[in-house]
Every structure is written in C-alpha cells, then in structure tokens.
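To start, the structure itself, in structure tokens.
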Amino acid sequence: MISLFFLTSGLFLGWSLGANNTANVFGSAVGSGMVRFKTAAAITSIFVIIGSVLSGDGTGSTLESLGSVNQLAGAFIVAMAAAVSVYWMTRADIPVSITQSIVGSIVGWNIFSGTVTDLSSLAKILLSWLFSPILAAALSIIIYKMAKFILTHMSIHILKLDYYNRIGFIIVGAFGAYALGANNIAGVMGVFIPSSPFASLKIGSITLSPTDQLFLIGGLSIAAGVISYSGKVIKTVGKGITELTPVGGLVVVSASSLVLFIFASEGLESLLIGAGLPSIPLVPVSSSQAIVGAIVGLALIKGGRVNYRLVGKIGLGWIITPIFAGIFAFISLFVLQNVFSQNVYRQVRFMISPDTVQKLEAEGLYSKGMDSLNSIVFKNGVSFKEALGAAGVPENKTAGIMYFSEFLDIRVNGAELKKKLNPEFLRNEMAEAVIALDGKTFQYKWQFEEALAEQDPIWKIKPESQANKNYNRNLRAKLTFLYGIFSQ
Amino acid sequence: MHLLFRKTDELIQKIDQFINLTREASLHFQKALFFFLDGRLGEFEERLSIITRAESDADALKKDIESRLYAQTLIPESRGDVLQILETMDKITNSTKYIMKGFSIECPEIPENIAAGMKELSVPVDKAVESLVPTVRAYFENIGALKDSMHLVKFYEREADSLSEKIKRDIFALDVYLSNKLQLKDFVSSIDSLADVALNVADHVNIAAVKLIV
C-alpha cells in the first residue's frame, strides 16, 4: 500500500501534464470552436495512453541512464520535486515542462545518493532541449511552405478547407497526443521504473510488464488531467495559439508533434540507423517549447515579429527549472531520509577485487596507479570516481572501470523471475538462460552478464556502434529488469 | 463527419445561388432600365417584379447562410468577413429593386440625350457587377485567381464615375426646372451607386483574402 502511495507524486505529475499540455495539442482547434472540447479530450486521452504504453520505452531508458533512482521513496521525491517546480515555474509565467524539472530532480537525487551523473546522457538531453525548438521552427517553415503551395495551387472552397481543417485537427491532434504520451511519459513515470512495485500482469492474451503498467497508469493520470482540467487551461493559457489561422494552427501543431515523435520513436531511430544515418537521441523534450519554436518559425517565414522576450523566457526556463528542481529534490530527500526515516536510495558500492583486476586488465582499463585502490569498498560512485582521479586514471576510462567495479549481491531466483516474467519483454530462450543460473550468486554485473552470455549468446552485449545501439539498449533494459529482481 | 460534409456542400450551393442572384439582378436591372428608357413600361414592370423576387430570394438565402454558418460553427476565423461580404453584396440586389421602384413610382421625364447617357452608364455598372462575381467566387474557391478580376471591378467603377459626371453636367445644362434636374441627377447617382457597391464588396474581399492566406 505504501508503495502505491509513493506513486502518487508521479500521478500528480501526469495529471498536471494532461491538464497543461492538451492546450498545446488542441488549444487552437477547441479555442476556435472547430473541434468540441469533449471530442478533443476523448481523442487526447485515448492517444496519450496508447503513446505512453506503446512508445514510452525509448525516452525512459535515456532518463534511466542519467540516473537510476533505485528506491521507491526516492522516486516519489524526485517526481514530487519535479511537479512542484513545474507548478512554480508555470505560476511565474515561464513555459517549462516536466522534462526539464525531472532531469533536475534526478541530478539532485544523484548528488544526494552519491551516484555519478552520466554526463554524456546529460549533454545529450541538454542539446536536445536546445535543438527541439529549433527543429520545430524548421519543420514549421517546411510544413507551412507545403501548405501554402497546396492551397495556392489547388482550388479548395473555404468551406471545404474548413472541413478538411477539422479533420486535420483531429488527425494531427491524435498524433500530437500520441507523441506527447510517447515522449513525456518517461518524465512522468520513468523514475519509478527501477523501483517499480508491480509484477507482470496478464489480462487475457496481453501481458503487461511492470514498466507497461507504470506507463499505463501514468497515461491514465495524464488522461485524468485532460478530462478534469485542460478545458479551463485551454480557455485561459491556451489562447497563445488561437490567434493563428486554422491552417497556421495545424502547421504549428504538426511541427511540434513531429518533434516530440522524432525524439521518442524507436522505429524512426532504427530506420535512420538502418539507412546508415546518424540517429536522433530518444530524449523527453518539452511540448510547450516545441510549440513556441514552431510559432516562431511561422512568424519568421510570414515576416511577422518574433517575440524575443518569450524566447528569452524559454532560455530562462532551461536554466532555472532544473536547478530549482534539483535543489528542491535534494532538500526533500534529506528530510524524508532523516525526519521520516525512509530509504531514498539503495547504496551502490564499488570494489576492485582480484577478479575485477583481471577483467580490467583484459579490457585494457587497468593501470598501476590503481593498485592502491584494490579491495577497498567505496560506498558510492562519487567517492570511487574521486579516488580513481586521485590515482591518475584518465577521465575516458572512468566509466568503464566503474561499470566493472560496481559491487552488488546478485542471487538468481528463477521462481521470482517466473512470477514477474512478461514473455513479450523477455522471450522464452532468454528466460531459460536466466533460469539455468538459478541459485547462483554474482558480485559484479559483468560476471552475471558473462554467465548469461555463456548460457545463450543472445545475452551478449554487442560492440558499441550506431547499428548495435537499439539492440544493446533493449538488452540493457532487460538486464536492469533482472538486477531489480535479483539484487539483494 | 459525413453529415458535416453534406451540410458543407449544401452551404456551398447556397452561397453559389446567392452570387448568381446578385448577377441576375444586375442583368435584369439593365434590361429594366432599357425598357423604361425606351418607354416599354409593361416589360419594365415585369422586370421589376423579377428583380423584387430576386431581392427577396437573396435576402432569404443570406439569412439562411448566416444562420448555418453560426449553427454549424463553420469557418470561425473568416465567418465575420464572409458575412460582411455577403451583407455588402446583398446591397446590390437591394439597390436594383430600390432604383427601379423609384423609376416606377416617379416616372421621371428623361430627355433623349440623358436617356442615352443612362443607357451608356448602365454598361460599366453592369460590367462592374459582372467582374465582381468571379472576384467573390475566387475568394471562396481559388484565392490565387483573385487578382484576375478584382482590378476590373475598379476599372469599371471609375468608368461609371466619369460617365456619371458627364451625364450630370449634361443634366444641369438642360433648360428645365431645377427640381427636374435634381431628380434626374439622383437617378444617375443611384445607377452609378451600383458600381460603387460592387467596388465596396471587392474591397472587403481584398482585405478578407489577406487574412485568409494561410
């Protein structure tokens, strides 16, 4: 019961996302009376849930790589700090999103728990925030040009155009809601993935993994926000885009939805990788900022004035929101741990054992200076990283050494796995390889991973490359799931 | 949605009918004027009753279009413009009836040279309305073609203005009572006013079109 209570902050976050962001998707259509609110709310609710459950995984794993919040109480605080930050920033009239606040919160948790923040993931996320409004502006210009070409070269009666606009608003709105769910559900529920309180759930022929269930209830909370409060938000906050013409509104919503989709679609990522093109990182980005980017793009191409104050405010949001959320999360974690005696993180220890030395030597990561660190147990990533730095280990080798030195008690429990098993997530042959190790214990993840790969090569992590990106990400998600079950 | 599409088609037809009625009213107006000036009063009265019917039909159509646009919350962004265009355009049919009623009631005595001038004036006036029709249709159906006909409305309105001025000068050169001169001048002004209304509609269309372009 207490574990379900801890999910409430995520549900609140989802509710506020639904209440605030529907205006981005349907504000123009509902505000102008082209689509009834009830229709918009129904479409948004359905498609946001579909997007969350079917396509939320991609951005979820990016957030997880930034910081894996491994205790439910910690995840509760992280989500709550994000929700409070969004609330305050919205009150200060700064267009922010939960993605910015959740990232700040996670970093706050990382600092509090002594977890090393993955700077490459952080850089990836920050660049995406910068890039997403620019991409939205570019797409907006392209779509506008196309729309103008079509409208000036095809004789469409304005009443028929009105009819097509209505259909367009519904299709684009549904796509926007889908993309919003797919891209933003990770911000709502992503922090709960490593500590999910759910077991696999079988409903008829459908099996829902713990993550699916988290994303489903997250999607439902977004839908609740849409139904209960977004009508008011559309009437007040959503006016920003109702001043556009219907076609302009369609252009803006299409461009911003495409941006959310591009940053969330694993399918598109695979397609790009398959074509030998550089892939776009799967990162939760802000729908509000994408909308503003698209409007700015439209204003630029139409020769209108760009509201640079608004653009400045977005920049301000990028800086203030994560910092505020991070500080707030840190203080709240301190209070919950010390006043309410709750475990807000599970200690992640590091130790260079003789086994690790061998492995590091084999990987070319070991250096003489590290001799002094052997067999010392470091209680968190930060202190271990500092010690590595003091031992003269170059920065580019730290991540690898930390991975091979992460020390945890893994006991393979076949019965527990069967209880939580989702055949869609973990195929039979993969599960059989795990069950074959039943009862065995491991002190390091790499040992467990090697043992699994020996059982079945399907478990072998492939060399890091663009082509193997998706495969490795999926495999790591499965391994994270197993560590959640087997670590003591 | 299918129902909405059917209703949209019906409304498109009604707008078309309205535009057609305006054009027909203008044609009947010219005919009626010629009949009156030629002294064929029976045929003139027939035309007047046709114009009266057209005016009444146009009014009913306009009201129907208005209420449908509101009831179905169609074209919310351009509804005001469309209604203003239709409202101004309706003044053309109203004016044709009002002017011809004037001829019917007052039965003015029109000297030959002035009658000829009036006939001559009716040509650019009718042409202005004729050019307005594709202008308004272009607004609804093909915004790119708007410029093709819009300048013609302006051209014929200017033609009508200069002809009207010439006829008025001729009127005031006549050796008749001032009251007669004023009466004839008013009839010339009212005939000319049809072209002014046509230009007025075209101006509304021009402004509305700017807003309509994406």
Side-chain angles (χ1 to χ4, degrees), chain A residues 27-40 43 140-171 174 241-252 254-255 295 297-299 301-304, chain B residues 1-19 61 64-86 134-149 204-214:
Chain A
S28 183
V30 173
S32 62
M34 293 189 83
V35 177
R36 283 183 304 166
F37 173 69
K38 279 183 183 173
T39 314
I43 291 168
S140 175
I141 290 170
I142 294 166
I143 299 169
Y144 170 79
K145 286 265 185 196
M146 280 162 54
K148 197 172 175 185
F149 180 83
I150 293 168
L151 291 178
T152 45
H153 286 81
M154 283 176 72
S155 306
I156 305 173
H157 197 285
I158 63 165
L159 285 165
K160 282 210 168 132
L161 183 64
D162 181 71
Y163 174 78
Y164 298 140
N165 276 338
R166 282 161 201 262
I167 295 174
F169 268 120
I170 286 173
I171 293 170
I241 48 173
T242 56
E243 288 160 20
L244 297 166
T245 61
V247 178
L250 263 178
V251 167
V252 162
S254 307
I295 292 173
L298 200 60
I301 193 74
K302 288 178 84 173
Chain B
M1 272 297 167
H2 177 71
L3 183 70
L4 185 66
F5 196 66
R6 194 167 53 80
K7 284 183 175 176
T8 303
D9 272 345
E10 279 174 17
L11 192 53
I12 290 171
Q13 277 178 15
K14 283 185 186 290
I15 291 173
D16 265 347
Q17 280 173 22
F18 180 82
I19 296 169
L61 263 176
D64 190 21
I65 293 165
E66 264 175 20
S67 63
R68 278 170 188 253
L69 281 176
Y70 276 112
Q72 295 168 30
T73 61
L74 296 172
I75 45 171
E77 305 294 322
S78 339
R79 196 188 300 144
D81 290 326
V82 168
L83 292 179
Q84 195 173 22
I85 289 167
L86 296 182
T135 305
V136 176
R137 284 202 209 281
Y139 171 77
F140 283 108
E141 292 166 17
N142 182 10
I143 208 87
L146 202 63
K147 286 192 172 76
D148 297 344
S149 51
H204 282 311
V205 170
N206 196 21
I207 294 163
V210 174
K211 289 195 246 168
L212 205 63
I213 296 170
V214 194

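All values below were derived from every heavy atom in this structure, side-chain atoms included, with hydrogens, water molecules and symmetry-related copies excluded. This structure is a prediction, so every number in the text was calculated from the model and none was measured.
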Check your understanding: Quick one: does B/N142's side chain have a donor or acceptor within less than 3.5 Å of a partner on A/S155's backbone?
Key -> no
Study note, to complete from the structure: Rounded to the nearest 0.5 angstrom, the CD-CD1 distance for B/E77 and A/I158 is 11.5 Å
Practice item. Sort out for me which of A/L161, A/D162, A/L250 touches chain B most, counting heavy-atom pairs under 4.5 Å. Key: A/D162
Check your understanding: When rounded to the nearest 0.5 angstrom, what is the spacing between CD1 in A/I156 and CD1 in B/I143?
Key -> 12.0 Å
Review point. Which bit of A/L159 comes within less than 4.5 Å of chain B, counting heavy atoms only: side chain, backbone, both or neither?
Key: both
**Study point:** Exercise: identify the closest heavy-atom pair between A/K160 and B/T8
**Key:** N-CG2, 4.1 Å
Check your understanding: What heavy-atom pair brings B/Q72 and A/R166 nearest, and what distance separates the two atoms?
Key -> O-NH2, 3.9 Å
